[in-house]
Amino acid sequence: MTAGGVRVRRVYDQAAIDDGIRILVDRIWPRGMRKEAAAIDVWAKDVAPSTELRKWYGHVPEKFGQFEARYREELATPPKREALDELRTLARGSTLTLVTATRDVGHSQAAVLAELLRESR
């Protein structure tokens with residue numbers, strides 16, 4: 001997934017030369033992944049969905065619309081809004097690759113974040 005200088009990829013995929021700044025947007029470190037192999041520049045835990053929202057969603061694609069709406073509401077709260085603003089600042093001058101351990105990146109918090117970052121350009 002690419003557009004507007006913001007990409008979404010799985011953390012388990014090998015880093016590409018043109019990834020720019022690689023940002024892990026999961027609250028939990030990816031299972032079985034060594035830090036060196038992840039090639040992460042920033043771990044943005046504070047922008048990840050709350051544990052409650054993540055567990056409710058359970059990566060069920062049929063719930064994605066509701067998940068996205070609830071997640072956007074969370075991102076409007078002060079601590080998460082600040083973390084999102086930091087990503088916006090990084091996106092102004094660089095290509096960002098948001099990485100997640102989620103198998104279905106199109107139905108993930110990374111996809112929602114990428115959309116928000118593209119909207120703010």
Side-chain angles (χ1 to χ4, degrees):
M1 237 178 206
T2 281
V6 180
R7 303 165 182 212
V8 178
R9 299 183 64 200
R10 286 195 76 212
V11 71
Y12 299 107
D13 296 338
Q14 185 168 350
I17 294 170
D18 61 348
D19 275 352
I21 301 170
R22 288 175 54 91
I23 302 171
L24 177 63
V25 293
D26 293 348
R27 180 172 307 282
I28 300 166
W29 187 261
R31 184 175 294 146
M33 176 63 68
R34 292 182 336 212
K35 292 192 186 219
E36 306 80 43
I40 298 301
D41 297 302
V42 177
W43 184 6
K45 289 186 244 188
D46 295 338
V47 80
S50 66
T51 300
E52 297 79 21
L53 180 57
R54 183 177 50 81
K55 286 182 177 182
W56 169 83
Y57 176 45
H59 299 285
V60 175
E62 294 78 22
K63 291 182 172 181
F64 184 70
Q66 278 187 288
F67 167 77
E68 181 176 11
R70 291 179 185 189
Y71 184 38
R72 284 177 177 254
E73 285 177 17
E74 280 191 0
L75 289 168
T77 62
K80 290 198 184 294
R81 185 174 52 237
E82 292 166 15
L84 181 59
D85 286 344
E86 289 176 27
L87 293 182
R88 284 187 175 119
T89 299
L90 289 172
R92 283 191 193 107
S94 305
T95 297
L96 297 186
T97 299
L98 306 179
V99 296
T100 179
T102 307
R103 285 194 181 118
D104 182 358
V105 295
H107 292 101
S108 70
Q109 75 276 8
V112 176
L113 288 169
E115 176 89 17
L116 284 168
L117 292 172
R118 291 174 189 135
E119 289 171 2
S120 65
R121 291 186 133 218

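Numbering starts at 1 and runs along the sequence shown. We use all heavy atoms of the structure for the numbers below, so side chains are in, but hydrogens, waters and symmetry mates are not.
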Residues that, via side-chain heavy atoms closer than 4.5 angstrom, fall in one hydrophobic cluster with Ile40: Val11, Tyr12, Leu24, Trp29, Met33, Trp43, Val99
Salt bridge (Lys or Arg N to Asp or Glu O under 4.0 Å): pairs with one or both residues in residues 72-85, sequence neighbours excluded: Glu68-Arg72, Arg72-Glu119, Asp85-Arg88
Any residue meeting side-chain hydrogen bond (donor to acceptor under 3.5 Å, both in side chains) with Asp41, in chain and number order, not counting sequence neighbours: none
Stepwise side-chain contact (heavy atoms from CB on, under 4.5 Å) check, Arg7 with Asp18: CA-CA 10 Å; Arg7 303 165 182 212; Asp18 61 348; 3.2 Å; yes
Set of residues satisfying ring-ring contact (aromatic ring centres under 6.0 Å, His included) with respect to Tyr71, sequence neighbours excluded: Phe67
By salt bridge (charged side-chain N to carboxylate O under 4.0 Å, His left out) - contacts of Arg70 (at least two apart): none
Those residues that, when tested against Glu36, pass salt bridge (charged side-chain N to carboxylate O under 4.0 Å, His left out) (two or more places apart): Arg34
Looking only at heavy atoms, which two atoms of [X] and [Y] are closest? And how far apart?
X	Y	result
Ala111	Gly106	CB-O, 3.7 Å
Val105	Thr102	CG1-O, 3.7 Å
Arg118	Val6	NH2-O, 2.7 Å
Asp26	Ala101	OD2-N, 2.7 Å

Results of side-chain contact (heavy atoms from CB on, under 4.5 Å) for Asp13 - residues two or more places apart only: Arg9, Arg10
Partners meeting side-chain contact (heavy atoms from CB on, under 4.5 Å) with Ala48 (sequence neighbours left out): Arg27
Kindly compute the distance separating [atom1] ([X]) from [atom2] ([Y]), expressed to the nearest 0.5 Å.
X	Y	atom1	atom2	answer
Ile23	Leu87	CD1	CG	5.0 Å
Lys45	Ile28	NZ	CD1	10.5 Å
Asp46	Leu75	CG	CG	11.5 Å
Gln109	Leu98	CD	CG	9.5 Å

Contact check, side chains of Thr89 and Arg92, non-hydrogen atoms, under 4.5 Å: yes
Thr97 side chain to Asp19 backbone, donor-acceptor under 3.5 Å: yes
Pairs satisfying ring-ring contact (aromatic ring centres under 6.0 Å, His included), at least one member in residues 85-106, at least two apart: none
Donor-acceptor pairs under 3.5 Å, side chain of residues 55-66 to any protein atom, not counting sequence neighbours: which ones?
residue: Tyr57; atom: OH; partner: His107; partner atom: O; Å: 2.7
residue: Lys63; atom: NZ; partner: Trp56; partner atom: O; Å: 2.8

